[in-house]
Student: 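Submitted below is the structure of interest, expressed as structure tokens.
Computation of the quantities below employed the complete heavy-atom set of this structure, encompassing side-chain atoms and omitting hydrogens, waters and symmetry-equivalent molecules.
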Amino acid sequence: MKRIYLISGVLLFVFGGIVSCSKDDDQIEADFIVAKINSENWKGIPEVNLNMVNDTLILLGVGNEEVVVFKIKFNGKGVYNLSGTQSSYYTTVGGDVITSLYILEDDLTSQITISDYSSEQNIIRGNFKISLIQDWSNPENNINSLSFTQGEFKGTIVK
């Protein structure tokens, strides 16, 4: 009788190990976007759209009453230097009333890097750094510039 319990216990242990390993293999990393804004940790939810007609990739990072925006002419993996209106950041109240807008500085050090792109799985991954200056704010705030550093993202593309 002890032998039956021992064999049953070993089989249960082995089966449990197999099931737990297969669960680890099936886990898919969730979409994310994170950065440091002026050295403070920030995180949001990415929204990624790729317009195949004009090759425009739009990446939004939606945080708590704040949104960072990237818009590039997409050519696959690579480094994209940002200028003009290719990136911005704004804050809101209630998610729909914009209370401040920050635009790219003209220093040309802002960039987004696409390190991984899968058209089959519709997944994009990369990192970014951007320097922004306040365009306007209502009510006025004392934050004249924002520096996004150590930015990373992984998102599912909506076509």
Side-chain angles (χ1 to χ4, degrees), residues 20-159:
S20 68
C21 288
S22 67
K23 285 182 184 177
D24 291 343
D25 294 341
D26 293 341
Q27 288 182 354
I28 297 174
E29 180 182 26
D31 291 351
F32 67 90
I33 185 166
V34 296
K36 288 193 179 283
I37 302 178
N38 295 349
S39 300
E40 296 290 324
N41 290 333
W42 176 85
K43 68 178 179 175
I45 299 169
E47 296 177 15
V48 187
N49 185 288
L50 179 57
N51 184 327
M52 297 304 283
V53 174
N54 60 12
D55 297 328
T56 301
L57 176 80
I58 299 173
L59 168 63
L60 302 178
V62 182
N64 184 23
E65 300 287 351
E66 55 196 342
V67 179
V68 62
V69 179
F70 298 91
K71 183 177 179 183
I72 60 172
K73 181 81 168 168
F74 185 64
N75 296 314
K77 293 180 191 179
V79 177
Y80 297 84
N81 292 318
L82 303 171
S83 62
T85 60
Q86 289 185 299
S87 187
S88 61
Y89 170 87
Y90 60 91
T91 58
T92 64
V93 171
D96 60 352
V97 177
I98 297 176
T99 58
S100 68
L101 175 65
Y102 292 80
I103 59 175
L104 281 172
E105 280 194 78
D106 291 332
D107 63 4
L108 299 177
T109 61
S110 297
Q111 62 184 206
I112 185 169
T113 301
I114 307 300
S115 58
D116 207 7
Y117 167 62
S118 169
S119 59
E120 295 84 29
Q121 296 176 329
N122 291 327
I123 293 176
I124 193 162
R125 175 186 298 271
N127 58 68
F128 62 93
K129 64 177 181 175
I130 53 176
S131 297
L132 305 164
I133 57 172
Q134 186 183 92
D135 190 41
W136 60 268
S137 176
N138 186 16
E140 286 293 322
N141 68 40
N142 294 327
I143 305 170
N144 296 323
S145 64
L146 297 175
S147 178
F148 282 71
T149 58
Q150 299 176 17
E152 295 182 36
F153 64 91
K154 183 245 175 203
T156 303
I157 300 169
V158 177
K159 292 184 180 181

Student: As an exercise, state the distance from CG of D135 to CD1 of I103, rounded to the nearest 0.5 Å.
Tutor: 4.0 Å

Student: Backbone N or O of S88 within a donor-acceptor pair of the K71 side chain at under 3.5 Å?
Tutor: no

Student: Closer than 3.5 angstrom, by distance alone: can the side chain of T113 be matched with the main-chain N or O of V79 as a donor-acceptor pair?
Tutor: no

Student: So does K36 have more than 12 non-hydrogen atoms from other groups sitting under 6.0 Å from NZ?
Tutor: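 Yes.
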
Student: Which atom names give the shortest non-hydrogen contact between F153 and N127, and what distance separates them?
Tutor: CE2-N, 3.6 Å

Student: Compare every heavy atom of T56 with every heavy atom of N54, then report the nearest pair and how far apart it is.
Tutor: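 Answer, listing the atom of N54 first, then T56: OD1-OG1, 3.0 Å.
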
Student: Counting distance only, does the side-chain N/O of E152 pair as donor-acceptor with the main-chain N or O of A35 below 3.5 Å?
Tutor: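 No: the side chain of E152 does not pair with the backbone of A35.
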
Student: As an exercise, state the distance from CG of L57 to CE of M52, rounded to the nearest 0.5 Å.
Tutor: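 One finds 10.5 Å between CG of L57 and CE of M52.
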
Student: What are the two closest non-hydrogen atoms of S137 and P139, and how far apart are they?
Tutor: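 So the two residues come closest at OG-O, 2.6 Å.
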
Student: Between V48 and L59, is the side chain to side chain contact (heavy atoms under 4.5 Å, CB included) condition met? List the steps.
Tutor: CA-CA 5 Å; V48 187; L59 168 63; 3.6 Å; yes

Student: Applying side chain to side chain donor-acceptor pair (under 3.5 Å), run through S147 and S131 and close with a yes or a no.
Tutor: CA-CA 5 Å; S147 178; S131 297; 4.6 Å; no

Student: Can you name the closest pair of heavy atoms from T109 and K129 and give their distance?
Tutor: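 Distance-wise, the nearest heavy atoms are O-CE, 3.3 Å.
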
Student: Tell me if the CD1 atom of I45 is crowded by more than 12 foreign heavy atoms within 6.0 Å.
Tutor: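 12 or below, so no.
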
Student: Donor-acceptor pair, distance only, cut-off 3.5 Å: does the side chain of Y89 make one with the backbone of I133?
Tutor: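 Pair absent, no side-chain N/O of Y89 close to backbone of I133.
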
Student: I would like to know whether L82 and I72 meet side chain to side chain contact (heavy atoms under 4.5 Å, CB included); could you show each step before the answer?
Tutor: CA-CA 8 Å; L82 303 171; I72 60 172; 3.7 Å; yes

Student: Where is the tightest heavy-atom contact between S115 and G126, given as atom of each residue plus distance?
Tutor: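 It is OG-CA, 3.5 Å.
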
Student: Name the residue from N81, I130, L132 that meets the side chain to side chain contact (heavy atoms under 4.5 Å, CB included) definition with S110.
Tutor: I130

Student: Walk me through it: do E65 and T99 pass the test side chain to side chain contact (heavy atoms under 4.5 Å, CB included)?
Tutor: CA-CA 10 Å; E65 300 287 351; T99 58; over 6 Å; no

Student: Test of understanding: with salt bridge (Lys or Arg N to Asp or Glu O under 4.0 Å), list the residues that count as partners of K154, not counting sequence neighbours.
Tutor: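 Testing K154 for salt bridge (Lys or Arg N to Asp or Glu O under 4.0 Å), a comparison that skips the adjacent residues, returns D31.
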
Student: Donor-acceptor pair, E66 side chain versus G63 backbone, under 3.5 Å?
Tutor: no

Student: Looking at R125 and E29, does any basic side-chain N land under 4.0 Å from a carboxylate oxygen?
Tutor: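 E29 and R125: salt-bridged.
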
Student: Who pairs with E105 by side chain to side chain donor-acceptor pair (under 3.5 Å), at least two apart in sequence or on another chain?
Tutor: none

Student: Working to the nearest 0.5 Å, report the span between CG of L60 and CD1 of I33.
Tutor: 8.5 Å

Student: Atom CG in N51, atom NZ in K73: separation rounded to 0.5 Å?
Tutor: 9.0 Å

Student: Would you give the length of the straight line joining atom CD1 of I98 to atom OH of Y90, rounded to the nearest 0.5 angstrom?
Tutor: 5.5 Å

Student: Determine, stepwise, if the pair I114 / D116 fulfils side chain to side chain contact (heavy atoms under 4.5 Å, CB included).
Tutor: CA-CA 6 Å; I114 307 300; D116 207 7; over 6 Å; no

Student: Taking the six-membered ring for Trp, are F128 and F70 ring centroids under 6.0 Å apart?
Tutor: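 Yes, the ring centres sit under 6.0 Å apart.
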
Student: What closest approach, in Å, do S100 and N141 show between heavy atoms, and which atom pair accounts for it?
Tutor: CB-ND2, 4.3 Å

Student: Is it the case that more than 12 heavy atoms not belonging to D106 sit under 6.0 Å from its CG atom?
Tutor: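 Open: at most 12 neighbouring heavy atoms sit under 6.0 Å from CG of D106.
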
